[in-house]
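Quick note: numbers below take in every heavy atom, side chains included, and nothing from hydrogens, waters or symmetry partners. In listed order, ligands and their atoms are each counted from 1.
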Amino acid sequence: MVARVAFPMAIPGLYDYHVPRHLEKVLVPGTPVRVPLRTRRVWGVVVAIVPRSKIRELKDILDARTSHWTDKSRSLIKLYEWMAAYYHCGLGRVFRPLVRKGVVDLGAKKEAVYTVAGVDTGSLSPRQRESAARLAGETGVLTKQQLAGRFGFSDHMIRALTNAGVLTRTCRKVLREPDELRHETSDERVRLTDEQEDAVRRIRRSFGGPSKPFLVYGITGSGKTHVYIEIARTCLEQGRCVIILVPEISLTPQTIRRFRDALGNTIAVVHSRMSDGERRDSLEEIVSGRKKVAIGVRSAVLAPMENVGLIVVDEEHDQSYKQGDLEPRYNARDVAVMRGHFQNAVVVLGSATPSFESFHNALSGKYEMIRLARRFGEASLPRVELVDMNQEHRRGNWTFLSTYLRERIGDTLAGDRQVILLLNRRGFSVSLICKNCGHTYTCPNCSVHLVYHRAGAILRCHQCGHSQHAPDTCPRCRGDQIKYAGTGIQKAEEHLREVFPAARILRMDQDTTRGKGKHVSILGTFADRKADILLGTQMVAKGLDFPGVQLVGVLQADIGLHFPDFRASERTFQLLAQVAGRAGRKDSLGEVVVQTYMPEEPGIQATRSHDYEGFFAHEIDARKGLQYPPFSRLGRVIVQGESERAVKSLAEKLARALRKAGGDGVTVLGPSPAVLARVKRAYRHACLVKAGSPRMLQAVLDAVRQGASKAPPGVKVTIDVDPLDML
Ligand code: ADP
Ligand code: ZN
């Protein structure tokens, strides 16, 4: 028997290996295996089993991880193959989450446990006999900790009693689970509203037969989670499994809690802040079928789970579903739709601000639209006020806080309610400028400004992580008048503390949430009302539900609008609508204050009236005119390397190949230097392909894959299908 193996690293192609006798029965396509490759031993994945190979003298497979895949997951291979073809990457790459280092290398965690056998105590010393007597009547299993804690036994004593046959030692497996799964469940069953009930009924009807994906378009606070829970319950009752994708669950432990309360102890989670051991165990629980619900971030859509009946993608518009930096550059939302198709599972996408692609699909009938138009209970959507910061400056207020927002914060705090403030910009100030000669500080490796961070007085590149000490004098003119331009979140925090000295302020951004559990503790503090103001980057916009929050302030709504990206407006609207949704849940009317320099901008205007559909209708015309998604499919080909000449010449060659391959319905733009023209010392040139259909796009991009794999040394080509990042 011969196994065909693919590798998750940058090794293209498939390699044949001989299957040793003892593995013949357990290897199936999908099983991770360790094999010798040149001088190393590496993990790969079996993609096919064949009777013989053209190659003679095959090497043996050394080891296999059968707990990572079962034969019943076979139908998934089709999905993986589709991904490799659609996203133009090697098949092995798609298996990456399964053969991650640290996951394949780990075994199950075991611990020793003891039971009381209570045999002959004749050979014991008096002290040991006295200890043994205390164990009388113990019938359960005891861990070492329990023996130490409850009976005061030392290691030495445990050993002696085991040797004498008083205790019997056995091993048992310990499940490593992340903290979120370790709380007590409470089973409160909610009563769905008519609107929610109706949504559940419609989705339920499609179980069992082939169905279109659903788009649950429901305003913030309309209770989408309860809808997901009810259909998940139905799916489990029918003996099928469930996958629920969420943007980043470690940010919202309360989401998991709600699912666990409702569905019980059958949930495994997958998120970015788990340890390798936790990751391995949750994978095993899923593959073995012991856990029937997988809740996780994007890679959970690839979970080898058999018999999936339902896939939910919550906040389907969220950019974190797209893996942009690593192969496969997939979008988990789109993969979910394909998986549903291959495995005959119901797919439910949900959002208050759907991506234009999904909304367009729902309007055109490709998806089925379900609207949830009302907030639960008496809650209504918050009132949104816009503050024109240009006028504020004209009146002489140059601080980052408008008079109006300052007053509203003051009143809210006086009323003993909480405030969330959003400033989507890390660091203290955006840049340093010498007032004398105008010198600014850019990264030596990248074409971006360095950002000043107050802690440690350093300048940091947010692209490559380069950091250097902030100078006291200008390196060019030796002047000592250095100005900190632009407000970053750290500067905002400092000002806030001056303006509201009595307020308890929390800051939440990438810099304050670096350690394990940091974000949970910040959110916990705020939820427990031990802080008054939560100031954060877009992290605070996501799905949090704090009943104490009365006021949400957006300090600079237009930051994202300046991005040279056709989705800039869509994203700004989504972010503002999401953060606005944090205000005034349950019984109180919330309010939102949006500070902006562009009050007339449609995305910002639409935020005021909570008018997603009006905004969509306005924007979609522009998209159509320029043939951008959802009216076309995009592919981006990026060439990068340290030699600008080599990069440029290959980019031109690839552009010619693209143009030759593309016919009617395909437009090729570029090559031109990318917006981020240089990152980590590498120059970047890009081509953009617009095609009328996914199939056309795939065919055109296939034409450059050859050329891409033959890039000269030091030059790298990446193909990004359906890119979200246009920088
Ligand atoms: P969404 O995800 O649509 O923003 P959530 O599912 O978070 O909304 O619901 C908002 C709040 O309303 C939550 O606190 C939730 O528990 C509550 N809620 C929604 N529907 C119901 C219901 N039928 N019964 C009780 N509480 C509900
Ligand atoms: Zn840099």
Of the side chain and backbone of [X], name the one, both, or neither that has a heavy atom under 4.0 Å from an atom of ligand 1.
X: Asp314; result: neither
X: Arg375; result: neither
X: Val190; result: side chain

By number and element, which atoms of ligand 1 are closer than 4.0 Å to a non-hydrogen atom of [X]?
X: Arg191; result: 22 (C), 23 (N), 24 (N)
X: Leu192; result: 23 (N)
X: Ile219; result: 3 (O)

Short N-O contact, [X] and [Y], less than 4.0 angstrom:
X: Glu385; Y: Arg608; value: no
X: Asp318; Y: Arg333; value: no
X: Asp720; Y: Lys322; value: yes

- prompt: Is a donor on one side and an acceptor on the other found under 3.5 Å between the side chain of Gln196 and the backbone of Ser222?
  reply: yes
message: Under 3.5 Å between any N/O of Gly223 and any N/O of ligand 1: does that happen in this structure?
response: yes
- request: Look only at interatomic distance and state if Thr220 has a nitrogen or oxygen under 3.5 Å from any nitrogen or oxygen of ligand 1.
  value: no
- prompt: When you check the side-chain N and O atoms of Arg375 and Thr220, is any donor under 3.5 Å from an acceptor?
  reply: yes
- request: Give me the ring orientation class for Tyr612 and Phe359: parallel if the planes are under 30° apart, tilted from 30 to 60°, perpendicular past 60°.
  value: perpendicular
query: Is any side-chain heavy atom of Arg460 closer than 4.5 Å to a side-chain heavy atom of Asp511?
result: yes
query: Short check: any N/O/S atom of Cys446 below 2.8 Å from the Zn ion (ligand 2)?
result: yes
- prompt: Does Cys464 put an N, O or S atom under 2.8 Å from the Zn ion (ligand 2)?
  reply: yes
task: Could you name the option among His226, Arg258, Arg374, Lys224 that has the heavy atom nearest to atom 7 (O) of ligand 1?
output: Arg258
query: Taking the Zn ion (ligand 2) as the vertex, what is the angle from SG of Cys461 to SG of Cys443, given to 10 degrees?
result: 110°
query: Are Gly218 and ligand 1 in contact, using a heavy-atom cut-off of under 4.0 Å?
result: no
message: Does Arg678 qualify as a cation-pi partner of Tyr683, given the criterion of NZ or CZ under 6.0 Å from the six-membered ring centre and within 45 degrees of its axis?
response: yes
query: Of Glu316, Arg571, Gln574, Gln319, which meets side-chain hydrogen bond (donor to acceptor under 3.5 Å, both in side chains) against Ser355?
result: Glu316
